[in-house]
Amino acid sequence: MTLAAQIRMATEDALKHLYPGVEIPVSSINVNQVKPEFTGDYTVVLFPFVKLLRQKPDELGQQLGNYLVEKTGLFSGFEIVSGFLNLTVKDSYWINFLLNQFNNPHYGEKPKHDRRIMVEYSSPNTNKPLHFGHLRNIFLGYGMAEILKANGNQVVKANLINDRGIHICKSMIAWQRYADGDTPERTGVKGDHLVGEYYVKFNNAYKEEVQKLVAEGMDEATAEKEAPIMKEAQEMLRQWEAGDHETRSLWEMMNGWVYKGFDVSYRKLGVDFDKVYHESDTYLLGKTIVEQGLQKGVLYKKEDGSVWVDLTDEGLDHKLLLRGDGTSVYITQDLGTAKLKYNDYKLDQSVYVIGDEQNYHMQVLKLILKKLAEPCADGIYHLSYGMVELPTGRMKSREGTVVDADDMVAEMIGLAQEQTEQAGKTEGCSQEELEKLYETIGLGALKFYLLRVDPKKKMIFDPKESIDLHGFTATFIQYAHARICSILRKENMPLLPPNNKFQTFCCKEAIFPAEKKLVLTLEQYPEVLESAAAEYNPSLLCNYSFLLAQLFNSFYDEHSISKAENEEKKELRLMLIIMTAKTLRHAMHLLGIRLPEKM
RNA sequence: GGCCCGGUAGCUCAGCUGGAUAGAGCACCAGCCUUCUAAGCUGGGGGUCAUUGGUUCGAAUCCAAUCCGGGUCACCA
């Protein structure tokens with residue numbers, strides 16, 4: 001249990017003993033870190049008790065403070081400042097904490113339990129390469145899955161690939177028309193990019209055809225429907241659904257190119273999946289659920305045969321689930337897929353990492369499943385994230401303002417190389433090590449940039465600012481880590497020394513403020529990791545890691561480790577920095593960010 | 001128009017289950033490398049927390065209204 005939690009419990013206990021018979025709600029117990037301008041480590045806010053106990057804050061604080069000091073053994077003293085009970089934690093608490101945890105590789109994690117959670121993320125279309133917006137999704141999904149794992153859950157990372165539909169037919173038609181049999185092998189173009197090129201070609205040709213028809217006197221709306229290339233694409237979709245052999249093999253070939261391309265990107269990004277679903281396998285699902293819903297009377301049928309659900313009780317609308325001809329719509333297959341996932345893995349929870357433009361859709365999905373009494377309904381959680389926008393507004397593929405994911409990665413790695421060479425601290429590194437370092441720094445910067453903001457907020461992507469490797473960045477954290485490793489190297493100390501390493505440590509001297517801040521923050525890591533899971537918010541780990549790195553840098557500037565005042569201080573500081581490096585590594589690793597030992 | 005989300009320093013963001021004088025980073029200014037990595041550290045300027053009213057010992061945080069920005073309300077996915 002973290003110290004803050006212990007203080008909360010001890011306070012509850014103290015109030016019960018000191019004021020028997022008075023009901024004090026647990027929520028009124030407020031434990032915070034003491035502001036730097038006051039003495040003490042943690043503070044209990046006294047105001048909430050004043051009214052309940054009809055006592056003055058000072059008297060109340062004295063009694064509570066005395067009780068806490070006496071009974072818990074955690075504190076060396078306390079002070080009451082205008083309604084705040086500021087407690088000073090005994091140095092021995094921090095020392096014991098360090099001795100117990102300094103080399104625990106699982107510090108902050110929860111024991112394994114059998115709660116099963118699926119995290120669906122990435123979920124790309126197969127008609128174009130990944131762009132910058134996908135990266136936020138991918139990093140969020142990967143990070144969230146790892147955070148949930150670290151909190152003891154059994155996690156399945158899933159990818160639901162949207163591999164069928166009109167969009168891929170568009171690329172296919174354009175390829176047939178214009179490619180002259182070109183393949184990724186022949187052109188040397190990455191498969192997903194090649195298919196994307198034909199998607200763009202389709203749209204250009206389509207635009208031209210519409211313009212031509214309008215010039216011939218057709219109104220625009222009709223022209224958009226009548227353009228030959230669009231009709232071809234629609235016909236191809238019908239062929240595909242009918243299982244036409246030629247269409248299917250073209251589809252398989254082109255999707256194959258895209259998958260190969262995606263695999264390269266995913267590997268580069270350092271993300272993976274335990275399960276891949278394809279929409280071509282799932283798009284017909286959901287009909288049986290709808291049939292059952294009709295029988296149960298939860299859904300209703302109109303005269304034209306279409307099936308609807310009435311959500312007006314929930315303040316929403318009527319929603320179509322099956323067309324008059326019996327074919328399904330988007331949400332129908334999602335109903336089926338939700339159930340499929342649930343049955344495949346006996347899920348307690350199913351997380352969908354999807355942009356916030358689908359908030360309404362996800363709300364409806366969950367509601368319908370609830371109405372149908374499907375057991376998968378309760379576990380559905382929409383991890384909704386805001387769009388990534390450019391300073392000029394939203395990225396629009398039609399306007400060519402989309403930032404390609406592969407390009408962005410390459411650019412960041414290039415920048416990392418440039419900066420590293422400028423810093424000139426890597427003599428003795430092999431070419432291979434250098435390449436790896438550039439990737440660690442470049443990708444780290446990119447991931448951190450996209451994860452440091454609260455997911456639900458939309459974010460502005462300013463290309464100039466995103467490539468800054470100073471300040472609130474992964475580079476800053478990596479640098480602190482490299483500094484620690486450098487010290488440990490010179491001390492001939494492994495990153496995680498054996499358990500008996502500091503066995504003879506004894507603490508006679510007081511802990512200095514810079515040391516205290518570090519250890520106090522280290523002690524909070526388990527709570528941060530827990531919150532990141534509970535709030536589905538990886539950015540908490542970014543904030544925390546940055547703070548920890550900042551505190552280390554200040555500490556490093558103020559105190560020497562290798563030339564500490566004495567052996568005791570040296571050992572204390574070694575434990576501190578070992579634990580700092582380990583915690584930074586742990587937190588960043590969950591987000592897929594590596595920390596170099598040298599940079 | 002209905003519903004949802006947001007508005008905090010010049011810019012990008014923390015803080016939001018009410019608690020001490022609202023914090024970081026970037027940018028700007030002034031210092032710090034013969035001492036463990038200066039991709040760093042220390043200090044400084046910069047705020048009507050969109051507006052107005054309410055709740056209370058206390059409001060950036062909760063409630064109401066207003067203004068501004070975005071999303072969504074398809075037999076598209």
Side-chain angles (χ1 to χ4, degrees), chain A residues 27 30 32 34-35 37-38 43 45-48 50-51 57 81-84 86 123 125 162 164-167 279 283 302 304 306-308 314-317 319-325 327-334 355-361 363-364 384 386-387 389 391 393-394 416 419-420 422-426 441 445 449 452-454 456-462 464-466 468-473 475-480 482-491 539-540 542-543 546-547 549-550 552-564 573 577 598-599:
Chain A
S27 62
N30 212 328
N32 299 320
V34 169
K35 303 262 175 204
E37 53 270 37
F38 303 99
T43 190
V45 187
L46 298 169
F47 295 109
V50 168
K51 230 189 303 174
V81 185
S82 57
F84 294 85
N86 296 338
S123 304
N125 292 354
N162 187 358
R164 50 136 253 131
I166 192 72
H167 51 83
E279 252 186 49
Y283 81 110
K302 280 191 180 173
D304 65 352
S306 58
V307 180
W308 296 73
E314 282 80 10
L316 303 173
D317 236 332
K319 191 91 189 163
L320 176 98
L321 297 181
L322 283 180
R323 296 189 183 102
D325 61 7
T327 57
S328 53
V329 293
Y330 175 52
I331 198 153
T332 319
Q333 57 176 296
D334 274 1
D356 63 6
E357 78 272 15
Q358 296 206 42
N359 283 354
Y360 177 73
H361 172 79
Q363 191 191 352
V364 168
S384 166
M387 294 290 101
E389 295 179 11
R394 279 182 84 162
Q419 302 265 328
T420 305
Q422 236 171 57
K425 298 178 189 171
T426 51
I441 296 172
Y449 183 80
R452 67 185 196 181
V453 185
D454 186 338
K456 63 176 176 288
K457 295 201 175 179
K458 72 174 184 196
M459 59 180 292
I460 311 284
F461 165 63
D462 187 335
K464 285 184 212 106
E465 284 186 17
S466 68
D468 196 344
L469 301 183
H470 301 269
F472 187 26
T473 63
T475 314
F476 183 93
I477 293 161
Q478 289 168 329
Y479 183 65
R483 277 177 145 181
I484 293 172
C485 291
S486 171
I487 297 167
L488 295 178
R489 258 195 312 275
K490 288 182 181 166
E491 294 294 326
S539 78
L540 299 183
C542 293
N543 292 331
F546 179 64
L547 171 67
Q550 257 182 331
F552 165 76
N553 279 331
S554 298
F555 159 81
Y556 173 92
D557 198 63
E558 197 174 333
H559 301 293
S560 176
I561 290 104
S562 51
K563 289 178 190 156
R573 288 175 194 166
I577 65 168
K598 196 175 173 186
M599 67 188 278

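Just so we're on the same page: letters track the sequence lines, and every chain starts at 1.
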*Asks:* In whole Å, what separates the P atom of B:rA9 from that of B:rA14?
*Replies:*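 Result for the P pair: 13 Å, nearest Å.
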
*Asks:* Polar atom pairs between nucleotides 42-44 of chain B and protein, under 3.5 Å, N or O only, would you list them?
*Replies:*
residue	atom	partner	partner atom	Å
B:rU42	OP1	A:Ser554	OG	2.8

*Asks:* Apply the syn/anti split at 90° from 0 to B:rC62 and say which one it is.
*Replies:*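 Anti for B:rC62; the angle lies over 90° from 0.
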
*Asks:* Could you pick out which residue, A:Lys51 or A:Arg483, lies toward the 5' side of RNA chain B when each is mapped onto its nearest nucleotide?
*Replies:*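 The residue closer to the strand's 5' end, by nearest nucleotide, is A:Arg483.
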
*Asks:* Applying ring-ring contact (aromatic ring centres under 6.0 Å, His included), can you list everything that pairs with A:Tyr556, at least two apart in sequence or on another chain?
*Replies:*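 With neighbours one apart ignored, the set is A:Phe552.
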
*Asks:* For nucleotides B:rG6 and B:rU61, find the distance between their P atoms and express it as a whole number of Å.
*Replies:*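 Rounded to whole Å, the distance is 13 Å.
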
*Asks:* Atom CZ of A:Arg452 and atom C1' of B:rG25: how far apart are they, to the nearest Å?
*Replies:*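 Result: 7 Å.
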
*Asks:* Could you check A:Phe84 against A:Val45 for side-chain contact (heavy atoms from CB on, under 4.5 Å), going step by step and ending with a plain yes or no?
*Replies:* CA-CA 5 Å; A:Phe84 294 85; A:Val45 187; 4.0 Å; yes

*Asks:* If you assign each of A:His559 and A:Leu316 to its closest nucleotide in RNA chain B, which residue comes earlier from the 5' end?
*Replies:*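 The answer here is A:Leu316.
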
*Asks:* Counting any heavy atom closer than 4.0 Å, what does A:Ile561 reach on the DNA or RNA strands: base, sugar-phosphate only, or nothing?
*Replies:*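 It contacts base atoms.
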
*Asks:* Taking A:Cys542's backbone N and O only, do any of them form a donor-acceptor pair with A:Ser539's side chain (distance below 3.5 Å, no angle check)?
*Replies:*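 No; judged by distance alone, with no hydrogens or angles, the pair does not exist.
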
*Asks:* What interatomic distance, in whole Å, is found between C1' of B:rU72 and the corresponding atom of B:rG25?
*Replies:*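 So the two C1' atoms sit 33 Å from each other.
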
*Asks:* On a whole-Å scale, what distance lies between the P atoms belonging to B:rC29 and B:rG45?
*Replies:*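 Per the computed distance, 16 Å lies between those P atoms.
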
*Asks:* Got A:Phe472 and A:Asn543 here, is their nearest side-chain heavy-atom distance under 4.5 Å?
*Replies:*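 Heavy-atom side-chain distance check passes, below 4.5 Å.
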
*Asks:* Rounded to whole Å, please give me the gap between CE in A:Met599 and P in B:rU37.
*Replies:*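 From A:Met599 CE to B:rU37 P: 13 Å.
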
*Asks:* Any base atoms under 4.0 Å from A:Met387, or only sugar-phosphate, or nothing? Heavy atoms, all strands.
*Replies:*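 The answer is nothing, as A:Met387 stays clear of every strand by at least 4.0 Å.
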
*Asks:* Among all residues two or more places apart in sequence or in another chain, which pass the side-chain hydrogen bond (donor to acceptor under 3.5 Å, both in side chains) test with A:Asn32?
*Replies:*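 For A:Asn32 there are no side-chain hydrogen bond (donor to acceptor under 3.5 Å, both in side chains) partners, ignoring immediate neighbours.
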
*Asks:* Could you tell me whether A:Lys598 atom NZ has more than 12 heavy atoms of other residues or ligands within 6.0 Å of it?
*Replies:*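 Counting neighbours around NZ of A:Lys598, more than 12 heavy atoms of other residues, nucleotides or ligands fall under 6.0 Å, so yes.
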
*Asks:* When you compare the ring of A:Tyr556 with the six-membered ring of B:rC36's base, are the centres less than 5.5 Å apart and the planes under 30° from each other?
*Replies:*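 A:Tyr556 ring centre within cut-off of B:rC36 base, planes near parallel; stacks.
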
*Asks:* Rounded to whole angstrom, note down the C1' distance from B:rU35 over to B:rA27.
*Replies:*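 Straight-line distance between the two C1' atoms is 32 Å.
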
*Asks:* Under 4.5 Å between any side-chain heavy atoms of A:His361 and A:Asp334, yes or no?
*Replies:*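 Yes; the side chains approach each other to less than 4.5 Å.
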
*Asks:* In this structure, how many angstroms lie between the P atom of B:rG15 and the CZ atom of A:Phe472, rounded?
*Replies:*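 Value for this atom pair: 10 Å.
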
*Asks:* Just by distance, do the side chain of A:Arg452 and the backbone of A:Thr473 share a donor-acceptor pair under 3.5 Å?
*Replies:*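 Absent.
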
*Asks:* When the C1' atoms of B:rC63 and B:rC16 are compared, how many Å lie between them, rounded to an integer?
*Replies:*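 Per the computed distance, 15 Å lies between those C1' atoms.
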
*Asks:* Would you confirm whether A:Arg323, through its side chain, and A:Ser306, through its main-chain N or O, come within 3.5 Å as a donor-acceptor pair?
*Replies:*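 Checking the backbone N and O of A:Ser306 against the side chain of A:Arg323, no donor-acceptor pair under 3.5 Å is found.
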
*Asks:* Do side-chain atoms of A:Thr332 reach the backbone of A:Leu321 as a donor and acceptor pair under 3.5 angstrom?
*Replies:*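 Between the backbone of A:Leu321 and the side chain of A:Thr332 there is a qualifying donor-acceptor contact (under 3.5 Å).
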
*Asks:* For A:Ile441 and A:Met599, which heavy atoms make the closest approach, and how far apart are they?
*Replies:*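 Reported closest heavy-atom pair: CD1-CE, 4.0 Å.
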
*Asks:* Mind calculating the distance between CG (A:Asn543) and P (B:rC13) to the nearest angstrom?
*Replies:*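 So the CG-P distance, A:Asn543 to B:rC13, works out to 13 Å.
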
*Asks:* Under 4.5 Å between any side-chain heavy atoms of A:Arg483 and A:Asn553, yes or no?
*Replies:*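 A side-chain contact under 4.5 Å exists here.
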
*Asks:* If you compare every side-chain N and O of A:His470 against the phosphate oxygens of B:rG40 (OP1, OP2), does one of them come in below 4.0 Å?
*Replies:*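 Checking A:His470 against B:rG40: at least one side-chain N or O falls below 4.0 Å of OP1 or OP2.
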
*Asks:* Distance check needed: B:rA24 C1' versus A:Asn553 CG, whole Å only.
*Replies:*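 Rounded to whole Å, this separation is 14 Å.
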
*Asks:* Rounded to whole angstroms, how far apart are OH on A:Tyr449 and C1' on B:rA24?
*Replies:*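 Distance, rounded to whole Å: 16 Å.
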
*Asks:* Measuring only the P atom in each nucleotide, how far is B:rA24 from B:rC32? A whole number of Å is fine.
*Replies:*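 Their P atoms lie roughly 23 Å apart.
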
*Asks:* Can you tell me which stems involve RNA chain B, if a stem is defined as three or more consecutive Watson-Crick or G-U wobble pairs, both distances under 3.5 Å?
*Replies:*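 Stem segments, range with range: B:1-7 with B:67-73, B:10-13 with B:23-26, B:28-32 with B:40-44, B:50-54 with B:62-66.
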
*Asks:* Please state the C1' separation for the pair B:rU51 and B:rC68 - nearest whole angstrom.
*Replies:*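 Looking at atom C1' only, B:rU51 and B:rC68 are 11 Å apart.
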
*Asks:* Check this one for me: any side-chain N or O of A:Ser486 less than 4.0 Å away from OP1 or OP2 of B:rU37?
*Replies:*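 Yes, within the criterion.
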
*Asks:* Heavy atoms under 4.0 Å is the rule here; annotate nucleotides 70-77 of chain B 5' to 3' with B where the base is hit, S where only the sugar-phosphate is, and - elsewhere.
*Replies:* -SSS-BSB

*Asks:* Taking C-beta and beyond as the side chain, do A:Lys35 and A:Thr43 meet within less than 4.5 Å on heavy atoms?
*Replies:*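 Of all side-chain heavy-atom pairs linking A:Thr43 with A:Lys35, none is under 4.5 Å.
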
*Asks:* Any side-chain heavy atom of A:Leu316 sitting closer than 4.5 Å to one from A:Gln363?
*Replies:*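 The answer is yes; the side chains approach within 4.5 Å.
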
*Asks:* Can you tabulate the close N/O pairs, meaning under 3.5 Å, that link protein atoms to atoms of nucleotides 16-22 of chain B?
*Replies:*
residue	atom	partner	partner atom	Å
B:rA20	N6	A:Thr43	OG1	3.2
B:rA20	N6	A:Asn86	OD1	3.0
B:rA20	N1	A:Asn86	OD1	3.4
B:rA20	N1	A:Asn86	ND2	3.2

*Asks:* Output the rounded distance in Å from CG (A:Leu540) to P (B:rC13).
*Replies:*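 Checked: the CG to P distance equals 17 Å.
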
*Asks:* How many whole angstroms separate atom CE of A:Met459 from atom P of B:rG25?
*Replies:*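 The answer, rounded to whole Å, is 19 Å.
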
*Asks:* Between atom CD1 of A:Ile331 and atom CG of A:Leu322, what is the distance when rounded to the nearest 0.5 Å?
*Replies:*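 Answer rounded to 0.5 Å: 12.0 Å.
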
*Asks:* Below 4.0 angstrom from OP1 or OP2 of B:rC36, is there any side-chain N or O of A:Arg489?
*Replies:*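 No, because none of the side-chain N or O atoms of A:Arg489 sits under 4.0 Å from OP1 or OP2 of B:rC36.
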
*Asks:* Does some side-chain heavy atom of A:Tyr360 sit less than 4.5 Å from a side-chain heavy atom of A:Asp317?
*Replies:*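 A:Asp317 vs A:Tyr360: side chains touch.
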
